[in-house]
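Reviewing the structure listed below.
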Amino acid sequence: MNIGFFGGSFDPIHRGHLALAQAAASRYALRQVLFVPANVPPHKQKQPLTAFIHRYAMVALATQDERGFVPSLLEEPEFTAAKVRSAGQPGAAVPTSGGVNYSIDTVRRLKQTLKKSDRLFFLIGIDAFRDFAKWREARALLAECDFIVASRPGYSLRDVAESLPEDLRTPAAVTRPFRKQPAKGDLVLPGVTLHLLEGVHQTVSATAIRAAAAQGKPLARWLDPRVADYVRKHGLYRGKHT
Ligand code: ATP
């Protein structure tokens, strides 16, 4: 079975995230997409993050209507997954160490619970992929699963090629002509497959949503109504988290 792994801070989860997951699921026949809120994402250690439990709750609300979308506790800080696990759910019973989460560790733990016949796809937006070479064991992570990189207008094939870890990077002289080519199709390198997913054009970001919430603006445009309601009820992003 094809399974998607979609990690993020999801602070909060918004329509852009859902659009990416829906497009990937339909294009690559993903029977499940695990939405994995990060405890402390390595690149966001300095910025305050809403409590894991709120971010997880919002992911659970936003994914309710999609049969294959699964809110995941893989990176839950204090391992409570055992208490809520349901039998047979990929990754449901895997403990975490807390603290900063590196995708390579989470993916390896998840893979221990999958069947040999399962194929894992790592979902990521191209903006996040631009920093990919700096990730811990980036090369190893590419070897662990297929990647689905959601491209956006304005990004070229050269942007993707230049974001790869150094040993996979083609010399700039070779990739220069790629700058006019849209990021689409598959990039197949030794032991690595990157699928470039087009058609996800939601310009929303969680940063903009938090700013709008802080100003008391309506959020319905960007959020699932249940998530918008949750944000309002808990006063999230308004300096009075409950
Ligand atoms: P922030 O604004 O707080 O940095 P974000 O909106 O980028 O947050 P994250 O939780 O950091 O959301 O992102 C998780 C993943 O979702 C990343 O791979 C990111 O590239 C992707 N993503 C975020 N926003 C969009 C969007 N509008 N369209 C497609 N992918 C997105």
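In each ligand, atom 1 is the first atom listed, and ligand 1 is the first ligand listed. Quick note: numbers below take in every heavy atom, side chains included, and nothing from hydrogens, waters or symmetry partners.
- Within a 6.0 Å sphere centred on CG of L189, heavy atoms belonging to other residues, nucleotides or ligands number more than 12.
- Taking all atoms of both residues into account, the shortest heavy-atom contact from F69 to P71 is O-CD, 3.9 Å.
- Contacts between I124 and ligand 1 below 4.0 angstrom, taking non-hydrogen atoms only, involve backbone and side chain alike.
- Residue G7 holds the heavy atom nearest to atom 14 (C) of ligand 1 of all those in S205, A128, A19, G7.
- Considering backbone and side-chain N/O of G8, none are found under 3.5 Å from N/O of ligand 1.
- Looking at F10 next to ligand 1, an N or O pair under 3.5 Å apart turns up.
- When non-hydrogen atoms are compared, ligand 1 lies under 4.0 Å from the side chain of D127 (C-beta onward) but not from its backbone.
- Between S9 and ligand 1, an N or O atom pair is found at a separation short of 3.5 Å.
- When non-hydrogen atoms are compared, ligand 1 lies under 4.0 Å from the side chain of H17 (C-beta onward) but not from its backbone.
- In this structure, the side chain of D224 does not engage the main chain of H14 through any donor-acceptor pair within 3.5 Å.
- Proximity annotation for atom 21 (C) of ligand 1: of P12, S151, A23, G125, G125 comes nearest, heavy atoms only.
- Contact annotation for F6 and ligand 1: only side-chain heavy atoms (C-beta onward) come within less than 4.0 Å of the ligand.
- Taking the centre and axis of the six-membered ring of F10, the NZ or CZ atom of R55 falls outside the cone set by 45° and 6.0 Å.
- With no hydrogens or angles considered, a side-chain donor-acceptor pair links T50 and D11 at under 3.5 Å.
- Atoms of ligand 1 lying under 4.0 Å from any heavy atom of T207, numbered from 1 in the order shown and given with element: 1 (P), 2 (O), 3 (O), 4 (O).
- Across all their heavy atoms, N101 and A38 have their closest contact at OD1-C, 4.2 Å.
- No donor-acceptor contact under 3.5 angstrom links the side chains of E198 and S151, judged on distance only.
- Distances below 4.0 Å separate heavy atoms of Q202 from the following atoms of ligand 1: 26 (C), 27 (N), 28 (N).
- Using a 4.0 angstrom heavy-atom cutoff, H14 counts as in contact with ligand 1.
- Close contacts between ligand 1 and L20 involve ligand atoms 29 (C), 30 (N) [criterion: under 4.0 Å to a heavy atom].
- Not a single N or O atom of V200, backbone or side chain, sits closer than 3.5 Å to an N or O atom of ligand 1.
- Taking the six-membered ring for Trp and the full ring otherwise, the centers of F35 and H17 sit at least 6.0 Å from each other.
- Using a cutoff of 4.0 Å between basic side-chain nitrogens and carboxylate oxygens, R108 and D105 are not scored as salt-bridged.
- At least one heavy atom of R210 sits less than 4.0 Å from an atom of ligand 1.
- Between D229 and R226 there is no salt bridge, since no side-chain nitrogen of the basic residue lies less than 4.0 Å from a carboxylate oxygen of the acidic one.
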